[in-house]
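Worksheet for the structure shown next.
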Amino acid sequence: MLQLPESSFCQRTLASVEEAYERCRAITAEYSKTFYLGTILMPPPKRRAIWAIYVWCRRTDELVDGPAASLTTNETLDQWEERLEKIFAGHPDDDFDVALVDTIEQFSLDIQPFRDMIEGQRMDLYRSRYETFEELELYCYRVAGTVGLMSTAVMGLDQRLQSAPWDDPAAKTPIDEAIALGIANQLTNILRDVGEDARRGRIYLPMEDLVRFDYTEDDLIKGVVDERWKALMQFQIERARKFYTLAEQGISALSEDARLPVWSALMLYSQILDVIERNGYDNFEQRAYVSGRKKMLSLPIAWLRAKVL
Ligand SMILES: CC(C)=CCC/C(C)=C/CC/C(C)=C/CC/C(C)=C/[C@@H]1[C@@H](COP(=O)(O)OP(=O)(O)O)[C@]1(C)CC/C=C(\C)CC/C=C(\C)CCC=C(C)C
Ligand SMILES: Nc1ncnc2c1ncn2[C@@H]1O[C@H](COP(=O)(O)OP(=O)(O)OP(=O)(O)O)[C@@H](O)[C@H]1O
Ligand SMILES: [Mn+2]
């Protein structure tokens, strides 16, 4: 499903909008338990819009990270960007695009975060090291902070913040907080997958941090878990948690029906950090994983937070 479309000479009938959303739902359910659960807690029009966005993001990510990634070049991403422009002009190329075209119309989405995500994936093509956290933060904004912006446009704002006609919705939008949740998730993802990524020659941990904790690239590739590594991991986990804390402060500005979904996704994803700690920071041998039962147990707490915070 995730490859580029067939040649545009081959004209086929596209799915109906309903069918297109159903296909996006199925992909989201198959690929991400956490985000799918979040969307199930949303009202149907928002839920299906997030599925359409999810599929576009997943396909963009697969271009540089999936099984056919070795075939992806800068030109492939240029073509993907041209196709994005077509989608925003209302011209879908395949069934998944049909859903996104509808979502863009229904929620007046802005194209810029989508372009920025492609730029982020481009970084993965030519970069495999980050010197400073500032550089890594830009990468995280592009591949994940952008998802926060796209999702916020769908979820909408609390009506109480729009009490007067002259109130400017843009001024009240929790932009930094939405980006912060994307960055927090991405940092978590980087820590969870650190061993797997290093084996593929990719190091997302900033080089300046490795130096600071006297841990080397070679140690990372060998998967050395010692006091230096534990201290380095504690530092990274603290940093990710600061982004979660900032994000939490923006949730009450979201529309009421979006707060439980976002609290749930935030709590479930951030628990990966707790699991890394519990695993004694051995993210090389043990995959930090939150069980389905644990996910369910978090829901009442997420519900309470959505109500009172
Ligand atoms: C519940 C909800 C609203 C979810 C949004 C769902 C959505 C559209 C997700 C798209 C995710 C995606 C495929 C992004 C492509 C780039 C990428 C892979 C980023 C990483 C995701 C990792 O997910 P996963 O664990 O499945 O990774 P693996 O491939 O399995 O390794 C990311 C970690 C980024 C995800 C970022 C977000 C979901 C943004 C969250 C922010 C908000 C919903 C904004 C909330 C608003 C405020 C004010 C706090
Ligand atoms: N059907 C699938 N085909 C190919 N890859 C998949 C499929 N489903 C999941 N994956 C990938 O397999 C890996 C393992 O998934 P993971 O352990 O992250 O669970 P998950 O279902 O994504 O749950 P969560 O949302 O909590 O991360 C991920 O990199 C994911 O992108
Ligand atoms: Mn996953």
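One-based numbering, in listed order, for ligands and for the atoms of each. Numbering of residues begins at 1 and proceeds along the displayed sequence.
Nearest-residue assignment for atom 16 (C) of ligand 1 (options Val154, Val55, Val143; heavy-atom criterion): Val143. Of the listed residues (Ile272, Asn185, Leu187, Ile40), the one carrying the non-hydrogen atom nearest atom 37 (C) of ligand 1 is Asn185. Selection from Arg47, Gln121, Gln186, Lys46 by nearest heavy atom to atom 32 (C) of ligand 1 gives Gln186. Among Arg59, Lys33, Arg192, Arg142, the residue whose heavy atom lies nearest to atom 31 (O) of ligand 1 is Arg192.
The distance from ligand 1 to the heavy atoms of Gly250 drops below 4.0 Å at these ligand atoms: 48 (C). Listed by number with element, the atoms of ligand 1 under 4.0 angstrom from any heavy atom of Tyr269 are 22 (C), 23 (O), 24 (P), 25 (O), 33 (C). Residue Ala247 has at least one heavy-atom neighbour below 4.0 Å for each of these atoms of ligand 1: 49 (C). Of all atoms in ligand 1, numbered sequentially from 1 with element shown, those under 4.0 Å from a heavy atom of Glu177 are 49 (C). For ligand 1, the atoms sitting less than 4.0 Å from at least one non-hydrogen atom of Gly148 are 39 (C), 41 (C), 42 (C), 44 (C), numbered in the order shown with element in parentheses. Close contacts of ligand 1 with Met42, meaning ligand atoms under 4.0 Å from a residue heavy atom, involve 3 (C).
No N or O atom of Thr39 sits closer than 3.5 Å to an N or O atom of ligand 1. Taking any N or O of Asp61, backbone or side chain, none lies under 3.5 Å from an N or O belonging to ligand 1. Looking at ligand 1, you won't find any N or O of Thr152 less than 3.5 Å from one of its N or O atoms.
Side-chain atoms of Arg259 never come within 3.5 Å of backbone atoms of Leu309 as a donor-acceptor pair (strictly under, hydrogens ignored). A side-chain donor-acceptor contact under 3.5 Å links Asp219 to the backbone of Thr216. Side-chain atoms of Thr73 come within 3.5 Å of backbone N or O of Glu75 as a donor-acceptor pair. Within the 3.5 Å criterion, the main-chain N or O of Met155 finds a donor-acceptor partner in the side chain of Lys46.
Of the listed residues (Leu41, Ile251, Thr152), just one forms a side chain to side chain contact (heavy atoms under 4.5 Å, CB included) with Val262, and that residue is Ile251.
Ring geometry for Tyr269 versus Phe35: interplanar angle under 30°, hence parallel rather than tilted (30 to 60°). Using cut-offs of 30° and 60° on the angle between ring planes, the pair Tyr130 and Tyr204 is parallel. In this pair, Tyr36 and Trp51 present their aromatic rings parallel. The plane angle is below 30°, not in the 30 to 60° band.
Under 4.0 Å from ligand 1, the heavy atoms of Asp193 that appear belong solely to its side chain. Contacts between Ser151 and ligand 1 below 4.0 angstrom, taking non-hydrogen atoms only, involve the side chain exclusively.
In this structure, Arg212 forms a cation-pi arrangement with Phe235, its terminal cationic atom sitting closer than 6.0 Å to the ring centre and no more than 45° off the ring axis.
A distance of 4.0 Å separates CD in Glu248 from CH2 in Trp263, rounded to the nearest 0.5 Å.
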